[in-house]
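See below for the structure under consideration.
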Amino acid sequence: MTEERDKLNRRSFVGSAFGAAAGVGMSTLLANQAGAQPPAGGQPSGPPGEELRPSMRRPTQLYRVEADVRDCEVEGEIPSDLNGAFYRVGPDPQYPLRPRNIPFDGEGHVSMFRIKDGRVDYRSRFVRNERYMAQDKAGKILFPMYRNPYMDDPSVEGLSRSTANTHIINHRNLLLALKEDSPPSAMDLLTLETVVPVYTFDEQLPSKTFTAHPKIDSETGNMVAFGYEARGHGSDVVSVFEFTPQGKLVWNAEVTVPYVGMLHDFAVTQRHIVFYVIPMAIDEQQMKDGGPHWSWDPSKPTYFGFFRRGGDGKDVRWIEGPTRSATHVMGAFNDGDKLYVDVEMSMSNPFPFMPMRDGSTWDPVAGSSHITRLSVDLSQRRPSSYGIETMYPDHVGALPRQDDRYNTVPYRYGFLPCPDPNASDRRQAGACYARFDNQNRTSTLFNAGVDTSLAECCFAPRSADAPEGAGYLMGVATRNNEGGRADLVILDAEHLADGPVATVRLPIRAPGQIHGWWVPEGQLPAA
Ligand code: V55
Ligand code: FE
């Protein structure tokens, strides 16, 4: 594609997508990286801030800055009951992405805001796993295409392909950096040194892969997780498992999917496991032609699959449904005979950079996401359909979160980065965090303004036994009018409209983020 067309497409994307706000939804995901980099000298400039808005452009510059900032500047006051560490991770390409590659590739760069007794230290480090080390040694990219092993340099055979760029959680005394095509990479919780490049839970991991979205059981603290393409590239086996907080495998079951699609997230309730198969389907031909792992196949239906926790998976039931996309789960629970799963849902491919299998142009309206409640009536012996209800039609966005203490049980509050739903002109809508009250179907809002992009947010309870939603909501704000400098904003989650109780001011940009995770003081090792 010529540069001129590239530019044209990008402009029409910005023009239409902001109307539908699809681009804004994805912008929260990709804010701060790739296209979100400050313009190089001499680059044509569009409307103020446009260069810093996320786009479908390939990165023209790398970032890669690993940083330490001791005792950060803070505006306002760090609450005395907020002690722990906020971790985040995202792709930060070690070498420029190859032409057809997509922004979900790029090596995982982890950053940490260590918060204690009113003081904040910031640190960021690449995940030095097998991929990073091999490329560092070679001085070039050896894994040139997103989840496409056919394109790998022959020298990397047998090495883990993990970028470790998607999510970050603590388990035992380790920080696990996750990519859904591989086992985790384990880091030191305080130094961010990579200590186990390929972490297989002391060889207990019953899958070749590990999801980026494990859930913590609300009663036991166990980690419930899964791997898809579990037996290797293209496998239709999904392995589900449960580890105690001490790292002992206590449950494993397997199911096979109706077709191999991107199983990015899943739902866990006290009684059930749910997988939602979407038409982001594996594309062998595209991979053999040098492209990424997935394309959007609009001819495929969805399947809502569920089975009993603790069983052997043989009871799995796949309910066929209309073509839709859902990537992230906000919360899920059983209520009597009902099984509820709240997701971000769009009518079609939510990712502008993922190819459409039928050759059609990506549709920003159909690609925009709303918080949607999926439900199944378990009193029917063979449910033949699942319910789809848009919960918050005014709010457009991806990356919903909840108070993670409620991962598997009925919950009331959810959080979402979204453009201001009240703005009359969506192109001028400020970047917001919304808090939803699912009981009353009401919402409150923090508006960070039009010159800021907000990454995914994360909730930290005031204390281990604080009521649901009582605590702090935090997330990284990228100041697009200050060269992309980053702040961590910390809000009282029950009073979002009051604005930040504290803003941690970094003097630099922060690496891009997909997901973030709060670890309370009690789960961190002593310094
Ligand atoms: C997502 C992100 C990924 C990926 C698959 O929705 C799905 C997010 C950053 O990588 O590989
Ligand atoms: Fe995710």
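Atoms within a ligand are numbered from 1 in the order they appear, just like the ligands themselves.
No cation-pi contact links Arg161 to Phe143, judged by a cut-off of 6.0 Å to the six-membered ring centre and 45° from its axis. A cation-pi contact, defined as under 6.0 Å to the ring centre and within 45° of the axis, is absent between Arg64 and Phe126.
For the pair Arg147 and ligand 1, no heavy-atom separation below 4.0 Å is found.
The shortest distance between side-chain heavy atoms of Pro279 and Thr302 falls below 4.5 Å. Residues Arg357 and Lys300 form a side-chain contact, since some pair of their non-hydrogen atoms from C-beta on lies under 4.5 Å apart.
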Dump the intermediate steps for ring pair (Phe, Tyr, Trp, His ring centres under 6.0 Å) on Phe304 and Tyr386, then the final yes or no.
-> CA-CA 7 Å; Phe304 184 106; Tyr386 60 86; 5.6 Å; yes
Taking it one step at a time, do Phe226 and Phe275 satisfy ring pair (Phe, Tyr, Trp, His ring centres under 6.0 Å)?
-> CA-CA 10 Å; Phe226 72 99; Phe275 290 112; 4.9 Å; yes
What's the verdict on ring pair (Phe, Tyr, Trp, His ring centres under 6.0 Å) for Phe104 and Phe353, showing C-alpha distance, side-chain angles and the deciding distance?
-> CA-CA 9 Å; Phe104 281 174; Phe353 45 80; 4.9 Å; yes
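Between the side chains of Asn438 and Tyr392, at least one donor N or O lies within less than 3.5 Å of an accepting N or O. Judged purely by distance below 3.5 Å, without hydrogens or angles, the side chains of Glu180 and Tyr228 pair a donor atom with an acceptor atom.
For ligand 1 and Tyr146, the ligand atoms under 4.0 Å from any heavy atom of the residue are 4 (C), 5 (C), 11 (O). Those atoms of ligand 1 that come under 4.0 Å of a heavy atom in Glu180, given as number and element, are 5 (C). Atoms of ligand 1 found under 4.0 Å from any heavy atom of Asn165, numbered from 1 in the order shown, are 9 (C), 10 (O). Close contacts of ligand 1 with Phe351, meaning ligand atoms under 4.0 Å from a residue heavy atom, involve 6 (O). Contact atoms of ligand 1 toward Lys179: 3 (C), 4 (C), 9 (C), 10 (O), 11 (O) (distance under 4.0 Å to a heavy atom of the residue). Contact atoms of ligand 1 toward Thr327: 6 (O) (distance under 4.0 Å to a heavy atom of the residue).
Note on the Fe ion (ligand 2): protein N/O/S atoms under 2.8 Å are His213 NE2, His264 NE2, His328 NE2, His515 NE2.
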